[in-house]
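Keep in mind that what you see is a predicted model, and the values were worked out from it rather than measured. Index from 1, following the sequence.
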Amino acid sequence: MRINDIKIDIITMINSLTDIGKLERIRKKVQSSVSLSKEIQTDPWKGASTEIRQGLTFEDLMKEQQYQPISFEEFQSMVSEGEWTTSLEELLTYSN
């Protein structure tokens, strides 16, 4: 039996359990028998998820992100002040 097959078997057995007490005992046993490797400690997914907030409005989101709209005139003045280093044709190739 390969390592991934064993892992899948363990996961399948755990997923079938509904008794929270059994699950907590299993977790404690696994935690005590497994030493955390560097691989586990640097989990790339840790902190990648966030809680979904209920009742968040568009205005709340804009305030939270400190959104500050600008007018088209302000945008034009910002663009006209800068120097173009890329040709329009090059920019258009990126849009495809």
Side-chain angles (χ1 to χ4, degrees):
M1 196 173 235
R2 294 173 45 193
I3 192 166
N4 285 336
D5 295 330
I6 295 170
K7 290 177 180 181
I8 290 171
D9 284 346
I10 292 170
I11 291 168
T12 303
M13 286 185 273
I14 290 173
N15 281 337
S16 69
L17 294 175
T18 57
D19 182 357
I20 194 161
K22 284 183 182 179
L23 288 168
E24 287 177 352
R25 287 191 298 276
I26 291 170
R27 179 175 55 183
K28 285 179 184 177
K29 278 206 177 239
V30 170
Q31 283 175 338
S32 66
S33 65
V34 174
S35 62
L36 290 178
S37 68
K38 186 176 182 179
E39 194 174 280
I40 294 172
Q41 293 171 354
T42 58
D43 180 9
W45 299 106
K46 190 170 185 98
S49 64
T50 185
E51 185 180 325
I52 296 175
R53 297 181 285 173
Q54 300 292 325
L56 183 67
T57 66
F58 180 72
E59 289 77 21
D60 294 337
L61 185 62
M62 299 307 264
K63 185 176 181 180
E64 182 179 297
Q65 295 184 2
Q66 300 175 354
Y67 175 71
Q68 296 177 352
I70 62 171
S71 67
F72 181 71
E73 290 78 21
E74 289 173 303
F75 174 76
Q76 271 187 320
S77 82
M78 289 169 60
V79 171
S80 65
E81 290 172 6
E83 197 173 306
W84 290 92
T85 57
T86 307
S87 70
L88 180 58
E89 288 77 23
E90 283 181 90
L91 292 173
L92 290 173
T93 60
Y94 295 128
S95 68
N96 293 332

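- Counted within 6.0 Å of CG on Leu88, heavy atoms from surrounding residues, nucleotides or ligands total more than 12; the atom is thus considered enclosed.
- One hydrophobic cluster, built from ILVMFWY side chains closer than 4.5 Å, holds both Ile6 and Leu17.
- Annotation: side chain of Lys7 is in contact with side chain of Asn4 (closest heavy-atom distance under 4.5 Å).
- The distance from the CG atom of Leu23 to the CG atom of Asp19 is 7.0 Å, given to the nearest 0.5 Å.
- No side-chain heavy atom of Asp60 sits under 4.5 Å from any side-chain heavy atom of Glu64.
- Follow the hydrophobic side-chain contacts under 4.5 Å out from Ile11 and you never reach Val30; the two are in separate clusters.
- Closest non-hydrogen pair, Met13 versus Ser16, comes out as O-OG, 2.6 Å.
- Under the 4.5 Å side-chain heavy-atom criterion for Ile, Leu, Val, Met, Phe, Trp and Tyr, Tyr67 and Phe58 are members of the same hydrophobic cluster.
- Using a distance-only test at 3.5 Å, with no hydrogens or angles considered, no donor-acceptor pair links the side chain of Glu24 to the main chain of Gly21.
- Taking a 6.0 Å sphere around CD1 of Ile20, one finds it holds 12 or fewer heavy atoms contributed by other residues, nucleotides or ligands.
- One finds the CD1 atom of Ile70 at 10.5 Å from the CD atom of Gln76 (value rounded to the nearest 0.5 Å).
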